Visitor: 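Have a look at this one.
All values reported here derive from a predicted model rather than from experimental measurement.
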Amino acid sequence: MKNIFSDLNIGIAITGSYCTYEKIFPIMKELKETGANLHTIFSLNAQATDSRFGEAETFLKEAEELTGKAPILTIPGAEPIGPKSILDILIIAPCTGNTLSKLANGISDTPVLMAAKSHLRNNKPLVISLSTNDALGINLKNIGILLNSKNIYFVPFGQDNYQGKPNSMVAHTELIPDTILSALSSKQFQPVIKSPYPEVAV
């Protein structure tokens, strides 16, 4: 996929599903290697919370080293994304259930949500890489709203632990580049629901 995204301005908006960072950051590196010009935006929790998956400061530094730019960390910093038409496409990766629900209900109280709101005003694609424990619970209605919203596309997702966490679903992050390509052509990459498990005979 070398040079496939040459000079494309891609925003990567990072929220607090810390367990998925080990998959998201390699995808960011892959996108960079294909020629993309990357901009990162961190939610308030993502930029301030240390977890067993790593320290927030480490991820901020890694993002800056990878992109060559300081991450956007404030709502005022994210607001110009739309007026200045900074991005060709924005992806929220990972997108938590909290961010998903606020996006579906027009709330923009974090840098990531302001970035999404500002970007969408230009009728440009927004891609969601889902990671939430309540996708098949209370957040299912919000997934439905966003699946039917103009200029919003989903990275294919499936249940990650149907026995231990039956409502939980996560995106297949390896499909982010393919989803971006489809979204740039105003198409949803299919199939949207893609189980990571083999079929079980019953």
Visitor: Do side-chain atoms of H39 reach the backbone of A13 as a donor and acceptor pair under 3.5 angstrom?
Guide: no
Visitor: Drop me the distance from Y153's OH to L126's CG, to the nearest 0.5 angstrom.
Guide: 10.0 Å
Visitor: Judged by atom type as modelled, is there a donor-acceptor pair below 3.5 Å linking the side chain of T34 to the main-chain atoms of L31?
Guide: yes
Visitor: Same cluster or not: I107 versus L120, using hydrophobic residues (I, L, V, M, F, W, Y) connected whenever any side-chain heavy atoms lie under 4.5 Å apart?
Guide: no
Visitor: Using modelled atom types only, decide if a donor and an acceptor are shared between the side chain of T15 and the backbone of P94 within a distance under 3.5 Å.
Guide: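 Answer holds: yes.
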Visitor: Regarding S168 and N161, is there a side-chain donor-to-acceptor distance under 3.5 Å anywhere?
Guide: no
Visitor: For residues V170 and D160, report the shortest heavy-atom separation together with the two atoms involved.
Guide: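 Heavy atoms only, the tightest pair is CG2-CB, 3.5 Å.
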Visitor: Is L100 linked to I145 within one hydrophobic cluster, defined over Ile, Leu, Val, Met, Phe, Trp and Tyr using a side-chain heavy-atom separation of less than 4.5 Å?
Guide: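 Different hydrophobic clusters.
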Visitor: Do any N or O atoms from the side chain of S101 and from the backbone of N98 form a donor-acceptor pair under 3.5 angstrom?
Guide: yes
Visitor: Just by modelled atom types, is the G97 backbone N or O under 3.5 Å from a matching donor or acceptor in the N139 side chain?
Guide: yes
Visitor: Is there side-chain contact between F189 and P156, with heavy atoms separated by less than 4.5 Å?
Guide: yes
Visitor: Show, in sequence, the C-alpha distance, side-chain angles and deciding distance for N133 and N167, and conclude whether the side chain to side chain contact (heavy atoms under 4.5 Å, CB included) test is met.
Guide: CA-CA 6 Å; N133 288 331; N167 287 342; over 6 Å; no
Visitor: Does K117 have more than 12 heavy atoms from other residues, nucleotides or ligands lying within 6.0 Å of its NZ?
Guide: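 No - once you tally the heavy atoms of other residues, nucleotides and ligands closer than 6.0 Å, there are 12 at most.
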Visitor: Is any side-chain heavy atom of P71 less than 4.5 Å from a side-chain heavy atom of Q47?
Guide: no
Visitor: May I ask you to test the I14-I12 pair for a side-chain heavy-atom distance under 4.5 Å?
Guide: yes
Visitor: Indicate every side-chain donor-acceptor pair of residues 52-67 with a distance under 3.5 Å to a residue at least two apart or in another chain.
Guide:
residue : atom : partner : partner atom : Å
T67     : OG1  : A63     : O            : 2.9
T67     : OG1  : K69     : N            : 3.1
T67     : OG1  : K69     : O            : 3.1

Visitor: Report yes if the side chains of T173 and V155 come closer than 4.5 Å at any heavy-atom pair, otherwise no.
Guide: no
Visitor: Please tell me if the side chains of N105 and N142 come closer than 4.5 Å, counting only heavy atoms from C-beta onward.
Guide: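 In contact.
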Visitor: Taking all non-hydrogen atoms of both residues into account, name the closest pair between R121 and P83 and its distance.
Guide: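 In this case the closest contact between R121 and P83 is NH1-CG, 3.3 Å.
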Visitor: For A183 and I89, work out which heavy atoms get closest and say how close.
Guide: CB-CD1, 3.9 Å
Visitor: Looking only at heavy atoms, what is the nearest atom pair of L44 and D109, with distance?
Guide: CD1-O, 4.2 Å
Visitor: Would you say S118's side chain and M114's backbone share a donor-acceptor pair under 3.5 angstrom?
Guide: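 Here the side-chain-to-backbone pair does not exist.
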Visitor: Should the pair F157 and F154 be assigned to parallel (<30°), tilted (30 to 60°) or perpendicular (>60°) ring geometry?
Guide: tilted
Visitor: Is the closest side-chain heavy-atom distance between N45 and T96 below 4.5 Å?
Guide: no
Visitor: Do K124 and N9 come close enough that some side-chain heavy atom pair is under 4.5 Å?
Guide: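 Result no, sub-4.5 Å side-chain heavy-atom pair not found.
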Visitor: Of all the heavy-atom pairs spanning I92 and A116, show the shortest one and how long it is.
Guide: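 Taking every non-hydrogen atom into account, CD1-CB, 4.4 Å.
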Visitor: Donor-acceptor pair, H172 side chain versus K194 backbone, under 3.5 Å?
Guide: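 Side chain of H172 to backbone of K194, a donor-acceptor pair under 3.5 Å: yes, one is there.
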Visitor: Just so I know, are the side chains of I176 and I24 near enough to count as touching, which here means a heavy-atom distance under 4.5 Å?
Guide: yes
Visitor: Tell me if the CG atom of L140 is crowded by more than 12 foreign heavy atoms within 6.0 Å.
Guide: yes
